**Q** 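Here it is, the structure in full.
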Amino acid sequence: MPRKLAAGNWKMHGASAELAEIRDLLGRIGDTGCEVLICPPATLIDRMHALSKGSPLALGGQDCHMAQSGAHTGDISAAMLKDAGASYVIVGHSERRANHGETDAVVRAKASAAHSQGLTAIICLGETLEERDAGDTLGVVEQQLVNSLPDGVDGTNTVIAYEPVWAIGTGRTPTLDQIAEVHDHLRAQLQSELGAETADDIRLLYGGSVKPGNAAEIFAVSNVDGALVGGASLKAADFGGIIEALAAAG
Ligand code: PGA
């Protein structure tokens, strides 16, 4: 199993002034034993890469196009992210699925594009509140997982992030039992798709209102191998607290 992963998704936040947060973060992460990733706006990857050279901080994009180049105004390719210094890219975040109509097939093609450039794809999935209330959570995430996974997936090139849509940016989180139920189900599904050896190497992140105050209890849940963190990753002090909790979870 690759090292546990604390991933920060800055979304559409951050400009030059926020490079100070990265300097602060670099001072905190030292030798934590877990992997630390920031996915800033694409405009900052290059400068963060220069700042973090020689440090354990990894950088990632928040999305990529399924093609490596072409007439796609406003889009960014996996090759460009890699060139700027990224080693990861988030695909299929629920904000992309909702705001840009991204289907599982699109997410799968984007993950495949990421792999072709040697980037690790963080494939996001999760149910809406209506789907949870209807008792459909496990069926929904299973479908998203099966339909979003490209060929050739392994623990090096792919991470799965379970992010209930209703928990993102709301301050609400599922109960620990609910998180365990979904993560155990995703692990079992990966095992049946890929075989136990490959499946057990794939990190399963929880995302949605993770904060320093709830991180330790979430990291103690079975099959939780880290977190994908939005709001609380913007401040080095908060993200540092989450990283410490992950390191302590062992
Ligand atoms: P949040 O976002 O931590 O602000 O809830 C998580 C995410 O969207 O990845």
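Ligands are counted one by one from 1 in listed order, and the atoms in each one are counted from 1 as well. Note: hydrogens, waters and symmetry copies are ignored here, and every other heavy atom, side chains too, is used. No experiment lies behind these values; they were computed from the predicted model shown.
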**Q** Keeping the roles fixed (side chain from Lys110, backbone from Cys64), state whether a donor-acceptor pair exists under 3.5 Å.
**A**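 Checking the backbone N and O of Cys64 against the side chain of Lys110, a donor-acceptor pair under 3.5 Å is found.
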
**Q** Between His183 and Tyr162, how do the two ring planes meet: parallel, tilted or perpendicular, split at 30° and 60°?
**A**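 Rings of His183 and Tyr162: perpendicular, over 60°.
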
**Q** Out of the candidates Lys4, Arg3, Arg187, only one should pair with Asp225 under the salt bridge (Lys or Arg N to Asp or Glu O under 4.0 Å) rule; please name it.
**A**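 Going through Lys4, Arg3, Arg187 one by one, the salt bridge (Lys or Arg N to Asp or Glu O under 4.0 Å) with Asp225 is satisfied by Arg187 alone.
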
**Q** Does the Glu127 side chain pair with the main chain of Asp136, one donor and one acceptor, at a distance under 3.5 Å?
**A**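 No, because the side chain of Glu127 does not come within donor-acceptor range (under 3.5 Å) of the backbone of Asp136.
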
**Q** Near Lys235 NZ, under 6.0 Å, is it more than 12 heavy atoms from other residues, nucleotides or ligands?
**A**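 Incorrect, the count does not exceed 12.
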
**Q** Write down, by chain and number, every protein residue that brings a non-hydrogen atom to less than 4.0 Å from an atom of ligand 1.
**A**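 Residues within 4.0 Å of ligand 1: Asn9, Lys11, His93, Glu163, Ala167, Ile168, Gly169, Gly208, Ser209, Leu228, Val229, Gly230, Gly231.
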
**Q** With Glu35, which residues qualify under salt bridge (Lys or Arg N to Asp or Glu O under 4.0 Å), at least two apart?
**A**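 If we apply the salt bridge (Lys or Arg N to Asp or Glu O under 4.0 Å) test to Glu35, skipping adjacent residues, the hits are Arg203.
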
